[in-house]
Structures are given as structure tokens and as C-alpha cells.
Amino acid sequence: MLDFWQMFEKILIALILGTIIGLERESVGKEAGIRTSIVVCVGATVFTLAGLSLPYIIGQSPENISEILARNSGFLAILANIVVGIGFLGAGIIIKTEERIHGLTTAAIIWFVAAIGLLIGIGLIKLATTTTILITSILYLLRKLGIIEKIKNQNNN
């Protein structure tokens, strides 16, 4: 089981990566910005750490851990329910009007930020960092190049 400082380190990494994604969203005035991204990323990390720590907490002794892991995967339900909970949060952001759908990318970003938090929690920090930089860069570049607006304008004509 991870000690307090190892868990705290993961929480700080989640805070940093959540901030990076949130800055991109905040810079364009989206509904879910820095604060939302931080809370979702850190929250997913905390839930993941809790789920992975649970077998060690309920185990009577270190010898019981392998039996607990083999016979009971209930602690993994915590990880699965991160996705479910984020789905509800994302659904609340999406608004459909007669002309278009608003908030779909923002909802997807919240879903993505939760995935980053989960990756951090299970220790895949390089993958979480690389993916965060990749997606944030793509969002930024697509906006700077105006590709999305060009496609929208072509569809409206």
C-alpha cells in the first residue's frame, strides 16, 4: 500500500495536470474551467487511491491481501463508478437547442480529466502527463488554426 506522501504526490500531480487542462478551457471562456478540471482530476485520483487501498485496509494481515484480491473485486467498483459519476456530471453540461448542441466538448473534457485522475491514481503518471499535453495541445492548435470554425462555416453554406 502507498504511504501518505506517495498518495499526496499523486494528488499534487493531479492538481497540476487538472490545472493545465483547465487553463485551456478557461482561456476560451468555457463553462468548466480551471476549478472544475482540478476538482475532477483530484477527485478521480482520490477515489482511485481509496479503491486501490481498500484491500489493504480491510485485510487483517499482509498475508490476507492476495486472498482478498483473488476473491473480491468489489474495490474495483469504486474505479468503475468514477466513470458513471462523471457521466452524470457531463450530461448536466450538454444543452441541445434547435440549432445545435452546446457543451459536448466540455463534457468530453470532464470525462477525459477524470480518466487522467484515474491514471495518476493507479500510477501511470507518464501516460497521464503525455496524454494531458497531447489533448491540451490539440485543443489549442485546432482553435488557433480555426479548423473547427472553417468546418462549421462550410456546413452552414
Which atom of Gly22 lies closest to which atom of Ser37, heavy atoms considered: CA-OG, 3.5 Å

Residues Val83, Trp111; criterion side-chain contact (heavy atoms from CB on, under 4.5 Å); working and verdict: CA-CA 7 Å; Val83 178; Trp111 177 69; 4.3 Å; yes

Neighbour count above 12 (heavy atom, 6.0 Å) for Phe112 CZ: yes

Leu104 with Val113, same ILVMFWY side-chain cluster at under 4.5 Å: no

Straight-line distance of Thr19 OG1 to Arg35 CZ, nearest 0.5 Å: 12.5 Å

Over all atoms of both residues, closest heavy-atom pair of Gly103 and Ile93: O-CG2, 3.7 Å

Ile94 side chain reached by His102 side chain, heavy atoms, under 4.5 Å: no

Sub-4.5 Å side-chain heavy-atom contact between Val40 and Leu89: yes

Shortest non-hydrogen separation from Ile34 to Glu26 and the atoms involved: N-OE1, 2.9 Å

Hydrophobic cluster membership, Ile95 vs Ile101, 4.5 Å side-chain cutoff: no

Closest non-hydrogen atom pair between Ala114 and Ile82, with its separation: CB-CG2, 4.2 Å

Closest non-hydrogen atom pair, Gly90 against Ala107: O-CB, 3.5 Å

Heavy atoms from other residues, nucleotides or ligands near CZ of Phe88 exceed 12 (cutoff 6.0 Å): no

Donor-acceptor pair, side chain of Asn81 and main chain of Val84, under 3.5 angstrom: no

Cluster link Ile116 to Leu139, ILVMFWY, side chain under 4.5 Å: yes

Nearest non-hydrogen partners of Met7 and Leu2, listed with the distance: CE-O, 3.4 Å

Heavy-atom side-chain contact between Leu17 and Ile120 under 4.5 Å: yes

Gap between atom OG1 of Thr130 and atom CD1 of Ile125 - 0.5 Å precision: 11.5 Å

CG-NZ distance between Leu119 and Lys10, expressed to the nearest 0.5 angstrom: 10.5 Å

Main-chain N/O of Thr136 paired with Glu24 side-chain donor or acceptor, under 3.5 Å: no

Of Ile11, Ile13, Leu12, the residue whose pairing with Val42 passes side-chain contact (heavy atoms from CB on, under 4.5 Å): Ile11

Within one Ile-Leu-Val-Met-Phe-Trp-Tyr cluster: Ile16 and Ile109, side-chain cutoff 4.5 Å: yes

Donor-acceptor contact present, side-chain Thr48 to main-chain Gly121, <3.5 Å: no

Plane angle bin for Phe8 and Trp5 - parallel if under 30°, tilted between 30 and 60°, otherwise perpendicular: perpendicular

Point-to-point distance, once rounded to the nearest 0.5 Å, from CD1 of Ile133 to CD1 of Ile21: 10.0 Å

